[in-house]
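A quick write-up on the structure given underneath.
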Amino acid sequence: MASFSFGAGNVRKVLRIPAYLAGRLATLVIPRDRSAWVFGCAVGIADGALALWQAAPRRRAVWLVSSQRQAGDAKRLGIPTVQRDSLAGFWHTARAGVVVVTHGLGDVNRYGVGGAFLVQLWHGIPLKRIGLDAPVTTDPGRLGGVPGIRRLLALAYRRTQAQIDLLPAASHRVRGRLESAFGLDDSHVPVLGEPRVDVLSPADRRQGRQDARRRLETAVPGLADAHAVLYAPTWRDGDPDPATPDAADWQRILTVLEAHDAVLLVRSHPLGGGDYTPPSPTPRVRILGSDLVPDVTPLLPAMDALVTDYSSLVYDAGLVPLPTLFLAPDVERYARTRGFYGTYREVAGDDAARSWPELCSQLDELLAGGPETDRRRRRSAELSLRMHAWRDGGNARRVHEAIVAAVPEAAGERS
């Protein structure tokens with residue numbers, strides 16, 4: 001998978017300053033159609049943007065895509081598309097009254113956003129510090145020798161995020177984190193719930209698991225009735241995952257998987273780095289990359305366990321609820337360089353594993369079922385209860401209602 005760092009990304013942003021200025025001048029004179037929407041999502045036709053699209057189909061809207069894969073996915077769902085980086089992509093963004101993103105302005109045509117009602121759905125409750133709260137956000141990369149560059153990057157980031165008109169929060173606890181990270185006040189961060197997790201609150205949970213298993217089987221054929229263990233290490237600003245298994249670790253992992261008829265599904269961060277290939281090919285370890293599944297959230301009910309370090313999935317797993325194990329060999333360094341909201345212990349408890357041998361012992365006990373499985377499932381549910389104020393599957397509806405309240409013309413039918 002491709003690796004990315006803030007340092008490299010910030011250098012590119014500085015080089016694009018003339019294009020940003022030209023785009024802003026253009027949007028000052030191009031009239032906006034307040035009934036028109038554009039959607040975009042960095043990972044594809046997925047995430048909260050898709051949930052919001054599906055919750056409010058009666059509108060004039062297009063989805064901006066950046067690849068043939070995204071265009072094909074959209075076509076299968078009956079979603080009209082425009083190439084993001086084309087002149088048409090700029091025009092649609094510059095004309096739209098409502099712009100919906102999940103990661104950043106680059107989800108749509110970044111040069112045409114100025115003046116639109118900007119909806120930032122984000123893509124997970126932050127456990128690690130993000131935005132203005134994370135020093136890495138203003139990493140100047142190879143421009144580090146330029147005097148005042150960090151201050152300039154921080155100012156540019158703050159001005160960019162100030163364009164956000166609506167950033168829905170999952171709860172009041174999460175609201176404070178988002179306000180701090182994006183430099184926004186309460187009026188822009190209402191507690192409406194996250195549209196992307198509506199799929200985790202079905203009316204019939206048993207049916208929801210069956211549907212999720214069918215989707216998982218489509219992405220990773222041949223699972224049959226095997227236990228599914230999702231391993232989801234998070235992004236380390238371009239550095240490899242320090243928990244990448246070595247040969248001895250793989251032997252331990254495979255022993256546990258064989259003992260419980262389980263499959264390890266490796267879901268590395270789309271921008272992260274690390275080699276998760278066992279020494280010998282085995283059906284017990286499968287890669288569940290973003291090329292197969294743009295958004296893993298809808299598949300959480302299909303899993304039997306989650307293994308992660310600092311991923312926001314820990315907060316969503318409790319909506320299933322899904323028992324969770326933590327593998328964090330670099331927690332002290334990560335806390336020092338990136339930082340957490342609160343303490344890691346508040347999330348992971350006192351028994352976060354520091355190595356694969358320790359993790360394998362915990363996974364062996366969890367997959368055996370019984371009290372330990374129930375304990376970890378309860379802990380997962382309790383963690384999620386603290387973070388998700390809404391659990392009724394109506395988050396996308398509430399967000400749509402908030403948008404239409406702010407931009408009444410946006411309620412119009414799609415042409």
Side-chain angles (χ1 to χ4, degrees), residues 1-5 8-9 12 37-55 57 61-93 96 99-113 120-124 195-197 199 211-223 230-235 238 265-277 286-300 302 311-313 396 414:
M1 294 183 180
S3 183
F4 169 87
S5 71
R12 289 194 291 271
W37 300 55
V38 294
F39 286 70
C41 175
V43 299
I45 315 303
D47 215 291
L50 180 58
L52 181 58
W53 179 285
Q54 293 171 332
V62 296
W63 197 295
L64 300 192
V65 297
S66 59
S67 69
Q68 288 301 313
R69 163 70 186 273
Q70 292 182 13
D73 290 345
K75 184 176 181 179
R76 283 188 286 275
L77 293 172
I79 297 175
T81 63
V82 172
Q83 285 296 315
R84 182 192 65 189
D85 298 324
S86 66
L87 181 59
F90 170 76
W91 179 254
H92 277 274
T93 306
V99 172
V100 179
V101 300
T102 62
H103 289 66
L105 301 189
D107 293 1
V108 291
N109 189 292
R110 65 180 75 243
Y111 308 115
V113 174
Q120 167 58 277
L121 299 178
W122 203 232
H123 50 279
R196 64 185 186 82
V197 300
V199 68
D211 292 343
R213 285 291 295 200
R214 280 195 292 270
R215 288 195 292 268
L216 179 59
E217 178 71 24
T218 299
V220 187
L223 290 181
L230 178 64
Y231 176 46
T234 195
W235 179 48
L265 302 170
V266 181
R267 175 73 174 194
S268 179
H269 192 283
L271 299 178
D275 183 3
Y276 302 97
T277 306
R286 312 286 289 274
I287 302 299
L288 190 65
S290 56
D291 56 329
L292 293 177
V293 179
D295 180 14
V296 77
T297 304
L299 298 184
L300 290 180
S311 172
S312 62
L313 284 175
R414 186 191 309 167

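These numbers were taken from a predicted model, which means no experiment stands behind them.
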Shortest non-hydrogen contact between L216 and L299, atoms and distance: N-CD2, 3.7 Å
Name of the residue among V266, T277, V220, L292 meeting side chain to side chain contact (heavy atoms under 4.5 Å, CB included) with I287: V266
Would you please test Y276 and Y231 for side chain to side chain contact (heavy atoms under 4.5 Å, CB included) and show each step? CA-CA 10 Å; Y276 302 97; Y231 176 46; 3.7 Å; yes
Is R267 reaching over with its side chain to a backbone N or O of P233, donor-acceptor style, under 3.5 angstrom? no
Any sub-3.5 Å donor-acceptor pair from R286's side-chain atoms to L223's backbone N or O? no
Ring-plane angle category for H103 and H123, please: parallel below 30°, perpendicular beyond 60°, tilted otherwise. parallel
Can you name the nearest heavy-atom pair linking V100 to V108, along with the distance? O-CG1, 4.2 Å
List the steps and the verdict of side chain to side chain contact (heavy atoms under 4.5 Å, CB included) for F39 and L52. CA-CA 9 Å; F39 286 70; L52 181 58; 4.2 Å; yes
Does any part of the side chain of Q83, heavy atoms only, come nearer than 4.5 Å to the side chain of L64, both counted from C-beta? no
State, to 0.1 Å, how close A61 and P80 come at their nearest heavy-atom pair, and which atoms those are. O-CG, 3.4 Å
Taking it one step at a time, do L313 and L230 satisfy side chain to side chain contact (heavy atoms under 4.5 Å, CB included)? CA-CA 11 Å; L313 284 175; L230 178 64; 4.3 Å; yes
If I compare all heavy atoms of G48 with all of P195, which pair ends up nearest, and what's the gap? O-CB, 3.8 Å
Side-chain donor/acceptor of D47 to backbone N/O of A49, under 3.5 Å: no
Measure across A219 and L288 and return the closest heavy-atom pair with its distance rounded to 0.1 Å. CB-CD1, 4.3 Å
Just verifying a value: how many Å separate L105 CG and Y111 OH, rounded to the nearest 0.5 Å? 11.0 Å
Determine yes or no for a side-chain-to-main-chain donor-acceptor pair under 3.5 angstrom, with S67 supplying the side chain and Q70 the backbone. yes
Indicate yes or no for a side-chain donor-acceptor contact from R84 to the backbone of G89 under 3.5 Å, with no hydrogens or angles considered. no
Could you go through V38 and N109, starting from their C-alpha distance and side-chain angles, then the distance that decides it, and tell me whether this counts as side chain to side chain contact (heavy atoms under 4.5 Å, CB included)? CA-CA 10 Å; V38 294; N109 189 292; over 6 Å; no
Quick check against the 3.5 Å criterion: does S86 have a side-chain atom that pairs as donor or acceptor with the backbone of V82? no
Just how far is it from atom OG of S312 to atom CZ of R196, taken to the nearest 0.5 Å? 5.5 Å
Side-chain (Q120) to main-chain (W122) donor-acceptor, under 3.5 angstrom: yes
Between D295 and A46, the two heavy atoms sitting closest are CB-CB, 3.6 Å
Could you point out which residue of D73, L50, V62 forms a side chain to side chain contact (heavy atoms under 4.5 Å, CB included) with I79? L50
